[in-house]
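Contents: one structure, followed by commentary.
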Amino acid sequence: MDVSHLLDSLNDAQRQAVAAPLAPALVLAGAGSGKTRVLVHRIAWLIQVEGVSPQGILSVTFTNKAAAEMRGRVEALLRIPSASLWIGTFHGLAHRLLRMHWREAALTQTFQILDSDDQTRIIKKVLKALDLDETRWVPREIQWFINAQKDEGLRPKHIKDDGDPTRRQLIKIYQAYEDACQRAQVVDFAELLLRAFEIWRDNPSLLAHYRNRFRHVLVDEFQDTNTIQYKWLSLLAGPDGMPFVVGDDDQSIYRWRGARVENLNQFRRDFPGTQLFRLEQNYRSTGTILKAANALIANNSGRMGKTLWTSGEDGEKVRIYAAFNERDEADFVINRIRDWSQRGGARREVAILYRSNAQSRVLEEALLNARIPYRVYGGLRFFERAEIKDALAYLRLMSSRTDDTSFERVVNLPTRGIGAKTLDTVRAHARANGTSLWAAAGASIRELPQKAAQSLNAFLSMIEKMQAETQSLELHEKVDHVVQASGLIEHFKKEKGERGEARIDNLAELVSAARGFTLEADSELSPLDSFLAHAVLESGEAQGDAWDDCVQMMTLHSAKGLEFPVVFMTGMEDGLFPHQRSIGELASLEEERRLCYVGATRAMRQLYLTYAEQRRLHGVDTFGQASRFIGELPAELLDEVRPRVQVSRPVYVGRKNLEEPTPTGMRMGSRVRHGKFGDGVVLNFEGNGPHARIQVNFERQGTKWLMLSYANLEVV
DNA sequence: CGTGGGCGGATTTTT
DNA sequence: TCCGCCCACG
């Protein structure tokens, strides 16, 4: 068979990976080196050359977007419908398994999925039930703890408290949370993975079935896998498996949420004879950008090693701009965007990246002022909006009466006279009898005062009635009916201002989302249940006109996987990026460096790094120094735009730059040197004459107040 | 039951 | 500075 179409368009390294023998393979794929291409072609290779049946292939990604892209490209290349392949996210695939094997998973068929917001609510409820103080036991921290345990594959019974009472309490809360979820038949994101793992681990015949079926497992972004994902994969592959995994240790930026970059090495140990491929030729960026990125990442330890190169031009130098403050920084960015537009560039080709979301505001204001359209990525997504979740809660309750979270959410929304007191009775009843709130509500009617009983009864029968009335309706008609009959529309109409209108628009949008929803072919679920799962698992891109010609704004994290002709990395100051909280520990500092590497390698033609010497942060002015990452870039690749003479010049961190000291030239923001504490930046003055004190933020020692007359500072 | 003011906290994010 | 959350009041 002629397979040239699978290999012709590939470079040598890519070709070797695609056509690798059937054995475990690890592809180290640098940024912009065509890793998705390799994955897609490998799938085609397996089917067309190795004769593997499409049903035998499982391809896993992290995001729905990546899964969709993979699916699209496989279809385009193979010219067959991709429905017979299992392509999906870890969570999506785990969910699919649990739906098929809900009995083995000890679930009811109508179990529902929790998003993290729902999860917080349940935790708060559990804390209340345990009579714990929320200031001592912070729900968000508990949530973090529970998810971290699940990500590691640990159930409460597996965790040792080591005699630590705090830990013991956490474990107790975890257990109580588990019980609450099981009672309500709801499953959080981490639980999807853990339970999918457990049903395989505990059912040898089931595992054997899937091992036999999915002989070919492919994984994208392997460096982002956490422990349970890795365990799930290795269990499926088995000792004789031949997973094909693609990843880049230099782009591992999710350690903080459980990703284990060590899984790359673990993989090589667990699958002896793993073939290793390196994709180092980059098709995205100029030579200069790649050299800068390579130099930066070379400062990290323990890398698997990889150097990006391009056959293309060196291109322009990396531009560094030292702004006076954050407004100046924004102005600079805007001027450069104007230049780009004037030369015929599209706005959508420009990305402004920042470390944390809070930084976007100043930039947005400036863009607004300059009348440059922009789009901010990240933020509330469609299915996460409160009004959408309200409507979904009604639908979920119709589908699963045990879903306590949904019950609590809408039992009194819009208000229908079911107050805290009534609910307390119901909750107590539920707890005493170990039933759902729904069941408890029905059972506690007799104990309630007449008025409350009436209201509660009305609610129960409304749900029953809605279900009966919509039974034979199409999905979107169902949704429409519920939105109306629940009183939500009326309720939001009363809300003043544009806010209420926007909510009603969103509810209308939900109806059309339901209309446009297509059921997966082999789904075992009813259209409604399928839609509900879809709403949680694929909560939808932030609404926005993706195709308008907008400047793209996002955090460095969300830029991963994307590329832009022009990239601005803003806020390149120590303390901001690398973030203050990551500076102390080597491992987290190195993760910040990888994040910087990810940011830089997004740029195709022009890369700008900007920082502000003075920045208003949380309402206070701070004086920062250029990010150490700028100092790690080779000077010959940089072009310093409009260097400022009067203020600091800390561009090349670590470079000795001795000038004649000018003791009188000190002011806020000046760079100074102390005989013992080293270099720093002046933050503040206090008093005068012999009592004058000066506050200096030293690079190594942190912030200190010094007596000006003794400090013997020299201006650098 | 709904709202306004006071208070504390303020990476990064997907599912 | 600003946002979100909690509690106290109408």
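Naming: A, B, ... by sequence-line order, numbering from 1 per chain.
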Atom CZ of A/Arg201 with >12 non-hydrogen neighbours under 6.0 angstrom: yes
Conformer about C1'-N of B/dT12 - syn within 90° of 0, anti elsewhere: anti
Reading 5' to 3' through nucleotides 5-10 of chain C, protein heavy-atom contacts under 4.0 Å coded B for base, S for sugar-phosphate only, - for none: -S----
A/Phe62 and A/His91 aromatic centres sub-6.0 Å: no
Mutual orientation of the aromatic rings belonging to A/His95 and A/Phe111 [parallel < 30°, tilted 30-60°, perpendicular > 60°]: perpendicular
Interatomic distance, A/Gln359 CD vs C/dT1 P [rounded to whole Å]: 18 Å
Among B/dT14, B/dC1, B/dT13, the nucleotide that comes nearest once only the side chain of A/Thr555 is considered: B/dT13
Ion pair check, A/Glu326 and A/Arg616, cut-off under 4.0 Å: no
Sugar-phosphate, base or nothing in reach of A/Asp224, heavy atoms under 4.0 Å: nothing
Qualifying residue for salt bridge (Lys or Arg N to Asp or Glu O under 4.0 Å) with A/Asp224, from A/Lys560, A/Arg260, A/Arg257: A/Lys560
For A/Arg121, all residues meeting salt bridge (Lys or Arg N to Asp or Glu O under 4.0 Å), sequence neighbours excluded: A/Asp117
Sugar-phosphate, base or nothing in reach of A/Leu413, heavy atoms under 4.0 Å: nothing
Whole angstrom value for the distance that separates P of B/dT13 from CG of A/Leu562: 13 Å
Listed partners of A/Phe145 passing ring-ring contact (aromatic ring centres under 6.0 Å, His included), at least two apart: none
Minimum-distance nucleotide to A/Thr415 side chain [options: B/dG2, B/dT15, B/dT12]: B/dG2
Under 3.5 Å side-chain donor-acceptor pair for A/Asp220 and A/Thr61: no
P-based separation of B/dT13 from C/dG4 [nearest Å]: 16 Å
Sugar-phosphate, base or nothing in reach of A/Asp115, heavy atoms under 4.0 Å: nothing
Separation of B/dT15 C1' from A/Asp118 CG (nearest whole Å): 13 Å
Phosphate OP1/OP2 of B/dT14 contacted by A/Asn64 side-chain N/O (<4.0 Å): no
Distance, rounded to the nearest Å, where A/Glu384 contributes CD and B/dT13 contributes C1': 10 Å
No-H, no-angle donor-acceptor pair, A/Arg257 side chain to B/dT13 base, under 3.5 Å: yes
Counterpart residues, salt bridge (Lys or Arg N to Asp or Glu O under 4.0 Å), relative to A/Arg327 (two or more places apart): none
Between N or O atoms, less than 3.5 Å apart, protein on one side and nucleotides 7-11 of chain B on the other: list the pairs.
{"from": "B/dA10", "atom 1": "N3", "to": "A/His618", "atom 2": "ND1", "distance (Å)": "3.3"}
{"from": "B/dT11", "atom 1": "O4'", "to": "A/His579", "atom 2": "NE2", "distance (Å)": "3.4"}

Carboxylate-amine/guanidinium contact A/Lys421 A/Asp424, below 4.0 Å: no
Integer-rounded Å distance: B/dT12 P and A/Phe577 CZ: 13 Å
Pairwise N/O distances under 3.5 Å, protein to nucleotides 2-4 of chain C:
{"from": "C/dC2", "atom 1": "OP1", "to": "A/Arg361", "atom 2": "NH2", "distance (Å)": "3.4"}

Whole angstrom value for the distance that separates C1' of B/dT15 from NE2 of A/His534: 13 Å
A/Glu364 and A/Tyr374: side chain donor to acceptor below 3.5 Å: yes
Whole-Å gap separating P (B/dT15) and NZ (A/Lys65): 10 Å
Position toward the 5' end of DNA chain B (nearest nucleotide), A/Ala358 or A/Thr63: A/Ala358
Aromatic contact, A/Tyr230 with A/Phe90 (centres under 6.0 Å): no
Carboxylate-amine/guanidinium proximity below 4.0 Å for A/Glu573 and A/Arg355: no
5'-most by nearest nucleotide on DNA chain B - A/Pro414 or A/Val536: A/Pro414
Any A/Thr89 side-chain N or O less than 4.0 Å from OP1/OP2 of B/dT15: no
Value in whole Å for how far the P atom of B/dT14 lies from CG of A/Leu192: 17 Å
